[in-house]
Amino acid sequence: MQIPSNLIMSSKKVRPSVWMSSWMLAWAAVSACTGAVENYNHLVIVRVLLGICEAPFYPGGETALLSC
């Protein structure tokens, strides 16, 4: 997700502040779903989704900091 995140933010279609906040909301929702896990298979699925939601933070933060 880091490479697609960089491509989307560099295309100037989405501002980094909007991009990062939308992924932050998705990350919060997936983190909340961790509490509803009932077995190991669901835990693995939720952890994979959590990793997908966390991946855009590094390039998004880097872009936001370097564009000042």
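In this chain, numbering begins with 1 at the start of the sequence shown.
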Practice item. Hey, could you give me each pair passing side chain to side chain donor-acceptor pair (under 3.5 Å) that has a residue in residues 24-38? Not counting sequence neighbours. Key: W27-E54

Point to revise | Under the side-chain contact (heavy atoms from CB on, under 4.5 Å) test, residues paired with A26 that sit two or more places apart | key: W23, C53

Practice item. Quick one: list whatever passes side-chain contact (heavy atoms from CB on, under 4.5 Å) with N41, sequence neighbours left out. Key: N39

Revision key, fill the gap. Heavy atoms of V37 and L43 approach each other most closely as CG1-N, 3.5 Å

Practice item. Establish whether L50 and W19 are linked, either directly or via other cluster members, by ILVMFWY side-chain heavy-atom contacts under 4.5 Å. Key: yes

Practice item. Determine, using the 4.5 Å side-chain heavy-atom cutoff (strictly less than), whether V18 and L25 are members of one ILVMFWY cluster. Key: no

